[in-house]
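Inspection log for the structure reproduced underneath, given as structure tokens.
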Amino acid sequence: MPELPEVEAVRRELAPVLEGAHVSRVVLRRGNLRRPFPIEFERRIGGATVRRLTRRAKYLLAELSSNDTLIMHLGMSGSFRVEPADHTPEPHDHVIFELSSGRTVVFNDPRRFGVMDLVPSAGAAEWPALADLGPEPLSAEFDAATLARVCARSKRALKVALLDQHVVAGLGNIYASEALHLARLSPRLRAAAIATRNGAPKPAARRLAAAIKTVLERAIARQADYNDASRFRVYDRAGQRCRRRGCAGKIKRIVQAGRSTFYCPVCQRT
DNA sequence: ATTGAGACCTGTCGGC
DNA sequence: TGCCGACAGGTCTCAA
């Protein structure tokens, strides 16, 4: 379940287990995920201590005492479990990090769209996918002005633009729809429609930038005391009633750039 | 330069 | 029950 809030939840769960922990052994149960594992992956991590576990967009970054950084992405179906040392592997358990604490961190990924790579920490920010990322949506760096600027000359639909990690880093298919609903903006609007000609933000851009932050913050907070999976505003609710107060619309599903978009045609008219 | 389509994988679910 | 297509939270590459 990996968009920014889910990755952040994973980080918060793993940080206490990994930070300061000594990795006694790494076991690969296959040679690749979306791409092959880097050369000497197990040997280069084995023996190191994890200094910090951080997140950038949907990536997890484990800084190691060896001055390498382990870059991880969960793809569509990746997940981590913390297990006792003697656990029996389950199907699709691909990477096992054995810690000298006696615990084991297991990476499981049925579809194998995940990624792991190991790079010198000094150059981690230049790792191709990381270097191209747009602003972190919960940082002060991301606001209506930055959003308006990157949308300025784009002819694609607003929803499609929100999925572009160069526009804003960490939104995925669920929270793009959710943010647009909160901001009362149609997913089919051209992206450029929220910016004025000189690139200054319109009220729509302000609403959208604020909605993105709100939606992500709420999702992160919900994960913290994780219980019932989701009460989405629109995602996966085709045919059901719009949850906005006073709106009698029915949620609609459309396909944009090959991906499902959910929205309310009544309150997300522009 | 942008943009959309297809590819990469496996699992699940609904319809016939 | 079984088979088959559609679809799933994400990138990446290729060709208009």
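From a predicted model like this one, the values you see are computed outputs, not experimental measurements. Lettering of chains follows the sequences in order, A, B, ..., and the numbering in each one begins at 1.
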Out of the candidates Arg30(A), Arg112(A), Arg81(A), Arg29(A), only one should pair with Asp93(A) under the salt bridge (Lys or Arg N to Asp or Glu O under 4.0 Å) rule; please name it. Arg81(A)
Quick one: Arg35(A) CZ to dT13(C) C1', roughly how many Å, whole number? 13 Å
Respond yes when some side-chain nitrogen or oxygen of His73(A) is under 4.0 Å from OP1 or OP2 of dT11(C), and no when none is. yes
Decide whether Ser77(A) and Asp109(A) meet the rule of one side-chain donor and one side-chain acceptor closer than 3.5 Å. yes
Polar atom pairs between nucleotides 14-16 of chain C and protein, under 3.5 Å, N or O only, would you list them?
none

Once you apply the 3.5 Å cut-off to both distances, tell me the Watson-Crick or G-U wobble partner of dA7(B), or none. dT11(C)
Any side-chain N or O of Lys58(A) under 4.0 Å from OP1/OP2 of dG9(C)? no
Applying the Watson-Crick and G-U wobble criteria at under 3.5 Å, what pairs with dT12(B)? Answer none if nothing qualifies. dA6(C)
On DNA chain B, does the nearest nucleotide to Ala257(A) precede the nearest nucleotide to Arg153(A) from the 5' side, or the other way round? Give the residue. Arg153(A)
Say we look at dC14(C) and dC9(B): how far apart would their P atoms be, to the nearest angstrom? 15 Å
Evaluate side chain to side chain contact (heavy atoms under 4.5 Å, CB included) for Val23(A) paired with Leu99(A), printing each intermediate quantity in order. CA-CA 4 Å; Val23(A) 182; Leu99(A) 309 178; 4.0 Å; yes
dC12(C), dT3(B), dA8(C): which one has an atom nearest the side-chain heavy atoms of Tyr235(A)? dA8(C)
Nucleotide of dT10(B), dT3(B), dG10(C) approaching Arg156(A) most closely (side-chain heavy atoms): dT3(B)
Rounded to whole angstrom units, what separation is found between the CG atom of Asn32(A) and the P atom of dA7(B)? 19 Å
Salt-bridged, Glu98(A) to Arg25(A), with N to O below 4.0 Å? yes
Gln165(A) side chain N/O closer than 4.0 Å to the phosphate oxygens (OP1, OP2) of dT11(C)? yes
Note: for Gly170(A) and Val255(A) on DNA chain C, the residue whose nearest nucleotide lies more 5' is Val255(A)
Same-atom distance (P) from dC7(C) to dA5(B), integer angstrom: 14 Å
Answer with yes or no whether the side chains of Glu178(A) and Tyr263(A) bring together a donor and an acceptor at under 3.5 Å. no
Which one, dC12(C), dA8(C), dG9(C), comes nearest to the side chain of Arg253(A)? dA8(C)
Side chains of Thr261(A) and Gln256(A), donor plus acceptor under 3.5 Å: yes
Please list, by residue number, the residues of residues 109-117 of chain A whose heavy atoms come closer than 4.0 Å to an atom of DNA chain B; answer none if no residue qualifies. Pro110(A), Arg111(A), Arg112(A), Phe113(A)
Output yes when at least one side-chain N/O atom of Ser260(A) is less than 4.0 Å from OP1 or OP2 of dC7(C), else no. no
Ionic contact status for Lys58(A) with Glu3(A), cut-off 4.0 Å: no
Side chain of Pro2(A) only, heavy atoms from C-beta on: which candidate in dG4(B), dG9(C), dT11(C) is closest? dG9(C)
Show me the protein contacts with nucleotides 14-16 of chain B, counting only N or O atoms at under 3.5 Å.
none

Measuring to OP1 and OP2 of dG11(B), would you say a side-chain N or O of His92(A) lies under 4.0 angstrom away? yes
Between dG9(C) and Arg259(A), is there an OP1 or OP2 to side-chain N/O distance shorter than 4.0 Å? yes
